[in-house]
> 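Let me give you the structure first, and then I'll get to my questions.
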Amino acid sequence: MQSLWMVVASLLFACMGVCVKLAAASHSAEEIVFYRSVLSLLVMFVLVRLRRVPLRTPHWRWQISRGAVGFAALLAYFWAITLLPLATAVTLNYSSAIFLALYLAVAGQRPTVGVFGALALGLAGVCLLLRPSWSADQLLGGLLGLASGALAGMAYFSVRELGQRGEPASRTVFYFSLVSSVGATCGLAWSELHPVDLRSGSLLFGVAAFATAAQLAMTRAYAASRTLLTAVLAYSTVIFASLFGIVLWHETLDRWSWLAIGLIVLSGVAATHFAPPAPIRPTLPQAAPAAARDPRQSAQRDGKARARKLS
């Protein structure tokens with residue numbers, strides 16, 4: 001039953017995509033990322049303080065690089081949502097599992113035959129989805145969506161490394177929100193800032209609220225369920241996004257696009273299944289008690305104890 005939290009997370013992620021697409025009518029992708037990052041930063045700061053997690057980290061270089069890559073992935077993803085049908089943008093972003101398997105292979109983990117098959121399947125799906133029949137705007141959106149998947153896969157690789165180094169997940173999410181807020185603030189210097197009214201403010205708040213709630217639900221799903229089943233259920237975001245696109249924007253996809261989406265989803269599930277597990281870092285053995293290190297001292301203590309008992 002814990003895996004059902006992933007279905008909840010997928011629905012919330014799809015709702016976030018809806019809010020992004022609606023907010024894009026009055027705000028740029030840079031603005032949406034800014035409001036999403038700042039509101040999430042405030043929430044994560046409160047959460048970190050409540051959990052008494054120190055903000056100081058010995059792995060600040062990894063945290064900054066993970067935040068920078070995650071910010072770039074988020075910006076590319078939101079930009080792609082404004083140019084593509086929602087289901088297409090979500091599917092391209094979910095190609096991150098394919099890229100993660102590729103990064104693990106480059107990092108030295110020998111890929112299995114199943115991983116090679118998953119990569120080939122995903123490449124075929126991406127090529128079919130990005131076929132040359134698209135218009136220039138759709139091609140730009142497709143490339144942005146694919147870039148968001150590649151960057152997200154790189155961010156997940158950094159999260160994996162940080163987890164192996166003992167970094168708390170809440171601190172990692174906090175630094176991601178912090179770096180994204182700084183990056184989005186710098187991006188606003190080259191972007192027009194539009195006024196926020198009640199409608200757009202509600203949508204921008206919805207982007208941050210749905211994203212934060214989805215992250216919490218996803219964390220709970222992965223913490224207490226089988227990883228493969230959870231990964232499979234994560235792709236239900238594509239189903240929810242497709243339904244929202246049909247109902248709200250009357251988006252239609254041809255049979256080749258649906259086939260491409262199916263290939264990418266299948267390749268992501270296969271890459272998760274065949275990927276080698278994360279190596280367990282060896283921990284240093286605890287120092288043995290003094291008596292165990294020096295048997296002569298232990299014998300002297302035993303003799304003194306027996307003498308006290310006889311006296």
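The figures that follow rest on heavy atoms only: side chains count, while hydrogens, waters and symmetry mates do not. For the single chain, residues carry numbers from 1 onward in sequence order. Computed from a predicted model, the values in this text were never measured in an experiment.
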> Tell me every residue that passes side chain to side chain donor-acceptor pair (under 3.5 Å) with D254, counting only those two or more places apart in sequence or in another chain.
R131, S257
> Just how far is it from atom OG1 of T88 to atom CH2 of W258, taken to the nearest 0.5 Å?
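Reported to 0.5 Å precision, the distance equals 8.0 Å.
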> How far apart are the closest heavy atoms of A73 and S148, and which atoms are they?
O-CB, 3.5 Å
> I would like to know whether I64 and Y175 meet side-chain contact (heavy atoms from CB on, under 4.5 Å); could you show each step before the answer?
CA-CA 7 Å; I64 292 177; Y175 275 103; 5.8 Å; no
> Taking the side chain as every heavy atom from C-beta outward, state whether I246 and H250 have any pair of such atoms under 4.5 Å apart.
no
> Is F157 reachable from F99 through a run of hydrophobic residues whose side-chain heavy atoms are each under 4.5 Å from the next?
yes
> If hydrophobic clusters are built from ILVMFWY residues whose side chains come within less than 4.5 Å, do L39 and L203 share one?
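Not linked; separate clusters.
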> So does R61 get a backbone contact from the side chain of S65, meaning a donor-acceptor N/O pair under 3.5 Å?
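Present.
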> Of all residues at least two apart in sequence or in a different chain, which pass the side chain to side chain donor-acceptor pair (under 3.5 Å) check with S170?
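Per chain and number, S170 pairs via side chain to side chain donor-acceptor pair (under 3.5 Å) with no residue.
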> Please answer whether the main-chain N or O of V173 pairs with a side-chain N or O of S177 as donor and acceptor at a distance below 3.5 Å.
yes
> What heavy-atom pair brings A271 and A97 nearest, and what distance separates the two atoms?
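Where A271 meets A97 most closely, the heavy atoms are CB-O, 3.9 Å.
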> Which pairs, with at least one residue in residues 75-96 and sequence neighbours excluded, count as a ring pair (Phe, Tyr, Trp, His ring centres under 6.0 Å)?
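Every pair satisfying ring pair (Phe, Tyr, Trp, His ring centres under 6.0 Å) with a residue in residues 75-96: Y94-Y235.
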> Do the side chains of L47 and M44 get nearer than 4.5 Å, heavy atoms only?
yes
> Return all side-chain donor-acceptor pairs below 3.5 angstrom for residues 6-25, not counting sequence neighbours, or 'none' if the list is empty.
residue : atom : partner : partner atom : Å
S10     : OG   : M6      : O            : 2.8
S10     : OG   : L233    : O            : 3.3
S10     : OG   : A234    : O            : 3.3
S10     : OG   : S236    : OG           : 3.1
S10     : OG   : T237    : OG1          : 3.3
K21     : NZ   : I81     : O            : 2.7
K21     : NZ   : L84     : O            : 2.7

> Do L253 and I261 have side chains that get closer than 4.5 Å, going by heavy atoms?
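Yes, close enough: below the 4.5 Å cut-off.
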> Would you compute the distance between atom NE2 of H59 and atom OG of S158 and round it to the nearest 0.5 angstrom?
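The OG atom of S158 is 13.0 Å from NE2 of H59, to the nearest 0.5 Å.
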> Can you get from V38 to V182 by hopping between Ile, Leu, Val, Met, Phe, Trp and Tyr side chains that sit under 4.5 Å apart?
no
> Is the NZ or CZ atom of R66 both under 6.0 Å from the centre of the six-membered ring of F176 and within 45° of that ring's axis?
yes
> Tell me, yes or no, whether the heavy-atom count around W249 atom CH2, taken from other residues, nucleotides or ligands under 6.0 Å, exceeds 12.
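Enclosed.
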> Is there any salt bridge (Lys or Arg N to Asp or Glu O under 4.0 Å) pair reaching into residues 170-195, and which pairs are they, with sequence neighbours excluded?
E167-R171
> Can you list everything that forms a ring-ring contact (aromatic ring centres under 6.0 Å, His included) with F71? Sequence neighbours excluded, please.
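By the ring-ring contact (aromatic ring centres under 6.0 Å, His included) rule, F71 matches no residue at all.
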> Which pair of heavy atoms, one from G153 and one from Y103, lies closest together, and at what distance?
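Looking at all heavy atoms of both residues, the closest pair is C-CE1, 3.5 Å.
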> Provide the closest heavy-atom pair for L92 versus S95 in the form atom of the first, atom of the second, distance.
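Closest pair (atom of L92, atom of S95, distance): O-OG, 2.5 Å.
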> Calculate, to the nearest 0.5 Å, the distance between atoms CG and NE2 belonging to L204 and H27 respectively.
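Between L204 CG and H27 NE2, I get 5.0 Å after rounding to 0.5 Å.
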> Could you walk me through whether E31 and S28 pass the side-chain hydrogen bond (donor to acceptor under 3.5 Å, both in side chains) test, one step at a time?
CA-CA 5 Å; E31 290 177 280; S28 64; 3.3 Å; yes
> Quick check: closest heavy atoms across V69 and L151, and the distance to 0.1 Å?
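In this case the closest contact between V69 and L151 is CG1-O, 3.2 Å.
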> Is it the case that atom CG in L198 sees more than 12 heavy atoms from other parts of the structure closer than 6.0 Å?
no
> Could you tell me whether the side chain of E251 and the main chain of L86 form a donor-acceptor pair under 3.5 Å?
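Flag set: sc E251 to bb L86 pair under 3.5 Å.
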> For residues V33 and F210: do they belong to one hydrophobic cluster (side chain heavy atoms under 4.5 Å, members Ile, Leu, Val, Met, Phe, Trp, Tyr)?
yes
> Rounded to the nearest 0.5 Å, what separates atom CG in L259 from atom CZ in R255?
10.0 Å
> Can any side-chain N or O of S267 pair as donor or acceptor with the backbone N or O of I264 at less than 3.5 Å?
yes
> Establish whether L42 and V48 are linked, either directly or via other cluster members, by ILVMFWY side-chain heavy-atom contacts under 4.5 Å.
no
> Contact between W62 and T57 at the side-chain level, heavy atoms closer than 4.5 Å - yes or no?
no
> Could you measure the distance from the CG atom of L178 to the OG atom of S37? Nearest 0.5 Å is fine.
10.0 Å
> Mark yes when over 12 heavy atoms from residues, nucleotides or ligands other than Y156 sit less than 6.0 Å from its OH; otherwise mark no.
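Atom OH in Y156 is not crowded, with 12 or fewer foreign heavy atoms closer than 6.0 Å.
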> As an exercise, state the distance from CD of Q63 to CZ of R165, rounded to the nearest 0.5 Å.
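So the gap between those two atoms works out to 11.0 Å.
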> Under 4.5 Å between any side-chain heavy atoms of F174 and L55, yes or no?
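The answer is yes, as the side chains (C-beta and beyond) meet within the 4.5 Å cut-off.
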> Nearest heavy-atom pair of G125 and L263: which atoms, and what distance?
CA-CB, 3.9 Å
